[in-house]
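Data first, discussion second: the structure below is written as structure tokens.
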There are 2 protein chains.
Amino acid sequence: MLSFTEENYLKSLFQLTVETALKEEAGTNELAAHLGVKPATANDMLKKLKEKKLIKYEKYGKSSLTKEGKKIAIDVIRKHRLWETFLFEKLEFSWDEVHEVAEQLEHIQSKKLIDKLDKLLNYPVSDPHGDPIPNAKGEMMILHQQTLAEESVGHQCKMTGVKDNSSAFLKYVDQLGLAINKTIKVLARHEYDDLIEIEVNGKRISVSPKFAENIFIFCTACKKKTNR
Amino acid sequence: MLSFTEENYLKSLFQLTVETALKEEAGTNELAAHLGVKPATANDMLKKLKEKKLIKYEKYGKSSLTKEGKKIAIDVIRKHRLWETFLFEKLEFSWDEVHEVAEQLEHIQSKKLIDKLDKLLNYPVSDPHGDPIPNAKGEMMILHQQTLAEESVGHQCKMTGVKDNSSAFLKYVDQLGLAINKTIKVLARHEYDDLIEIEVNGKRISVSPKFAENIFIFCTACKKKTNR
DNA sequence: TTAATTTGTTAGATAAGCCTAACAATTATA
DNA sequence: TATAATTGTTAGGCTTATCTAACAAATTAA
Ligand SMILES: [Mn+2]
Ligand SMILES: [Mn+2]
Ligand SMILES: [Mn+2]
Ligand SMILES: [Mn+2]
């Protein structure tokens with residue numbers, strides 16, 4: 001049985017590597033920053049997790065998950081996202097409130113609990129932020145997601161999720177009338193200040209590049225397919 | 001913010017004193033045994049909780065909860081029992097499976113979560129074992145419960161709950177066809193081996209005194225009223 | 001290719017929660 | 001009431017997870 005802390009390290013490592021699929025491995029400092037601890041602390045844990053054969057790690061090298069470590073990370077993520085969905089669907093939480101509580105709930109140990117929760121929610125495939133929920137076998141969609149920042153002028157797309165899960169960002173998204181499944185049309189990019197002008201709900205609004213980078217979209221015109 | 005461990009100590013102290021209402025205070029060894037730790041460990045924690053003004057404790061004396069400590073204990077118990085009810089009512093858990101998982105869930109910190117859960121369950125007043133659930137204000141029924149062991153021969157009563165919450169006992173209760181709200185008639189007490197003969201579901205069965213002591217009942221004939 | 005910067009490691013502390021072993025106080029019993 | 005049994009405390013250790021400060025390796029830039 002792993003501690004909450006060990007589970008959190010595996011989850012972080014997963015998110016920094018496999019999930020984004022851009023990298024195979026993550027550095028000690030990077031992992032420490034992601035978890036909000038000092039590098040020295042992360043270093044100790046990396047040695048411990050290596051000992052337990054949950055990660056691959058060599059002194060002065062980058063770290064990555066072993067098969068077993070990945071399995072555990074996916075299980076924690078499955079629990080996290082199912083709980084977020086439960087809070088959102090059944091307990092009237094808003095999408096900016098669910099993450100904090102799910103951080104606690106994801107560590108509850110009970111296979112039956114999570115499988116019944118999955119059933120109660122009717123086997124959802126994505127959480128309130130559009131992130132994929134692994135199934136009971138640990139299989140999950142990994143989408144090569146495109147962000148609004150990358151979308152071409154003139155194209156129309158659908159919002160599929162958010163990259164930033166912070167409450168502040170999510171509330172801002174709400175305020176602008178954006179939400180998952182909304183149709184967005186990119187009207188213009190202004191060279192002068194880099195703002196992106198879009199149309200949502202029949203209204204024109206301008207968003208910053210920072211904002212746009214955190215909105216995941218699917219563009220039918222672009223025909224980028226999901227893989228794996 | 002208290003740790004899981006601190007919360008568990010307050011809950012145990014509550015269960016050993018206020019809840020049974022037979023005692024005002026509990027000893028160090030007793031508390032240690034209830035929590036499954038050594039007396040030396042409990043002793044350290046008692047000093048810490050006294051420091052935090054959550055309990056009254058003097059060297060070589062018994063311990064009791066302060067008003068603040070009691071409030072926290074009741075909150076943990078409220079969470080525990082609401083979660084048990086949720087697992088039982090919404091997730092198809094049997095009454096002998098809920099306790100273990102609720103031991104984990106009772107430490108989740110989110111006022112909104114527990115209030116919404118309460119609402120989802122339609123503000124239940126008792127858990128799957130018949131134990132009272134404190135409301136959002138911390139008010140709860142404290143019943144002077146009578147056990148089947150105390151019931152007079154010839155009397156008819158209704159099962160209201162169980163004292164022992166262990167999975168083994170609960171499964172045994174199930175097996176015998178007993179359950180909360182079942183009508184039980186005490187047919188005889190056999191001096192020879194102390195067995196108590198009862199009628200349930202139109203069938204005669206015999207139970208041991210140990211068994212009978214763990215079944216709470218309400219006897220209309222006896223007219224013992226609930227108080228507080 | 002040396003120097004500066006970044007990245008990662010080690011040593012030594014601390015706090016929480018647990019333990020055992022030794023001892024002290026209290027309570028029960030002869 | 002003296003002694004035995006029970007109950008409670010202390011001292012000292014261990015483990016986990018964290019930190020700071022000092023240092024070492026690797027990478028980047030001059
Ligand atoms: Mn989340
Ligand atoms: Mn977590
Ligand atoms: Mn319980
Ligand atoms: Mn507990």
Side-chain angles (χ1 to χ4, degrees), chain A residues 1-13 15-17 22-65 69 72-73 76 103-104 106-109, chain B residues 1-13 15-17 22-65 69 72-73 76 103-104 106-109:
Chain A
M1 191 96 314
L2 298 184
S3 67
F4 285 23
T5 307
E6 289 169 319
E7 287 192 345
N8 285 338
Y9 274 84
L10 295 177
K11 187 177 73 150
S12 270
L13 193 48
Q15 288 172 340
L16 290 172
T17 59
L22 299 170
K23 291 186 301 174
E24 281 289 298
E25 34 181 36
T28 305
N29 287 3
E30 189 187 2
L31 185 62
H34 195 254
L35 283 157
V37 298
K38 300 290 161 178
T41 306
N43 187 262
D44 283 347
M45 185 57 87
L46 289 175
K47 289 189 225 163
K48 198 190 356 169
L49 292 174
K50 183 205 167 134
E51 208 49 48
K52 294 193 176 185
K53 302 218 161 86
L54 298 171
I55 66 166
K56 282 165 232 152
Y57 162 76
E58 293 304 332
K59 206 162 146 178
Y60 290 108
K62 310 261 176 202
S63 308
S64 61
L65 292 166
I72 295 168
V76 176
E103 274 302 306
Q104 301 177 59
E106 74 189 5
H107 303 292
I108 303 293
Q109 307 279 274
Chain B
M1 193 93 314
L2 298 184
S3 68
F4 286 21
T5 308
E6 290 168 316
E7 287 192 346
N8 284 338
Y9 274 83
L10 295 177
K11 188 177 72 148
S12 270
L13 193 47
Q15 288 172 339
L16 290 172
T17 59
L22 299 171
K23 292 186 300 174
E24 281 289 298
E25 34 182 37
T28 305
N29 287 5
E30 190 187 359
L31 186 61
H34 195 254
L35 283 157
V37 297
K38 298 291 162 179
T41 306
N43 187 263
D44 284 347
M45 184 57 87
L46 289 175
K47 290 189 225 163
K48 200 196 346 175
L49 293 174
K50 185 209 166 131
E51 208 49 51
K52 294 194 176 184
K53 301 217 162 82
L54 298 172
I55 66 167
K56 280 166 235 152
Y57 162 76
E58 294 304 332
K59 206 161 142 177
Y60 290 109
K62 309 260 176 204
S63 307
S64 61
L65 292 165
I72 295 167
V76 175
E103 274 302 305
Q104 300 177 60
E106 74 188 4
H107 303 292
I108 303 292
Q109 308 279 267

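Nothing here was measured: the structure is a model prediction, and the numbers come from that model. Note on naming: letters A, B, ... go to the chains in the order of the sequence lines (proteins, then strands), and numbering restarts at 1 for each one.
A/Val76 is not listed as a side-chain neighbour of A/Leu10, based on a closest heavy-atom distance of 4.5 Å or more.
The NZ atom of A/Lys50 sits 11 Å away from the P atom of C/dT9 (whole-angstrom rounding). The CD atom of B/Glu6 sits 9 Å away from the C1' atom of C/dA16 (whole-angstrom rounding). Computed from coordinates, the A/Phe4 CZ to C/dG17 P distance equals 14 Å when rounded to whole Å. Rounded to an integer number of Å, the gap from A/Leu35 CG to D/dT16 P is 18 Å. The nearest whole Å value for the distance from the CG atom in A/Leu46 to the P atom in D/dA17 is 13 Å. The interatomic distance linking B/Glu25 (CD) with D/dT7 (P) rounds to 15 Å, in whole Å. At whole-Å resolution of the value, CE in B/Met1 and P in C/dA16 are 16 Å apart. Atom CD of A/Glu51 and atom P of D/dA17 are 14 Å apart (whole Å).
Judged by closest nucleotide on DNA chain D, B/Lys47 is the one of B/Lys47 and A/Lys48 placed further toward the 5' end.
Taking the six-membered ring where the residue is Trp, B/Phe4 and B/His107 present parallel rings, their angle staying beneath 30° rather than reaching 60°.
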(Q) Within the 4.0 Å limit for protein heavy atoms, which parts of nucleotides 18-25 of chain D are touched? Write it as a string from 5' to 3', B for base, S for sugar-phosphate only, - for none. (A) BBB----S
Between side-chain atoms of residues 25-38 of chain B and protein atoms elsewhere (two or more places apart, or another chain), which donor-acceptor pairs fall under 3.5 Å?
{"from": "B/Glu30", "atom 1": "OE1", "to": "B/Lys23", "atom 2": "NZ", "distance (Å)": "3.3"}
{"from": "B/Glu30", "atom 1": "OE1", "to": "B/Gly27", "atom 2": "N", "distance (Å)": "3.0"}
{"from": "B/Glu30", "atom 1": "OE2", "to": "B/Lys23", "atom 2": "NZ", "distance (Å)": "2.2"}
{"from": "B/His34", "atom 1": "ND1", "to": "B/Ser12", "atom 2": "OG", "distance (Å)": "2.8"}

Contacts table for residues 47-54 of chain B: side-chain donor-acceptor under 3.5 angstrom, sequence neighbours left out:
{"from": "B/Lys48", "atom 1": "NZ", "to": "B/Glu6", "atom 2": "OE2", "distance (Å)": "3.3"}
{"from": "B/Lys50", "atom 1": "NZ", "to": "B/Tyr57", "atom 2": "O", "distance (Å)": "3.0"}
{"from": "B/Lys50", "atom 1": "NZ", "to": "B/Glu58", "atom 2": "OE1", "distance (Å)": "3.4"}
{"from": "B/Lys50", "atom 1": "NZ", "to": "B/Glu58", "atom 2": "OE2", "distance (Å)": "3.0"}
{"from": "B/Lys52", "atom 1": "NZ", "to": "B/Glu6", "atom 2": "OE2", "distance (Å)": "2.7"}

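Listed by chain and number, the residues in a side chain to side chain contact (heavy atoms under 4.5 Å, CB included) with B/Tyr60 amount to none (sequence neighbours excluded). Not a single side-chain hydrogen bond (donor to acceptor under 3.5 Å, both in side chains) links B/Glu24 to another residue, sequence neighbours left out. Shown here are the salt bridge (Lys or Arg N to Asp or Glu O under 4.0 Å) partners of A/Glu103, two or more places apart in sequence or in another chain: A/Lys11.
Between B/Asn43 and D/dG8 there is no side-chain polar atom (N or O) within less than 4.0 angstrom of OP1 or OP2. An OP1 or OP2 oxygen of D/dT7 is reached within less than 4.0 angstrom by no side-chain nitrogen or oxygen of B/Lys62.
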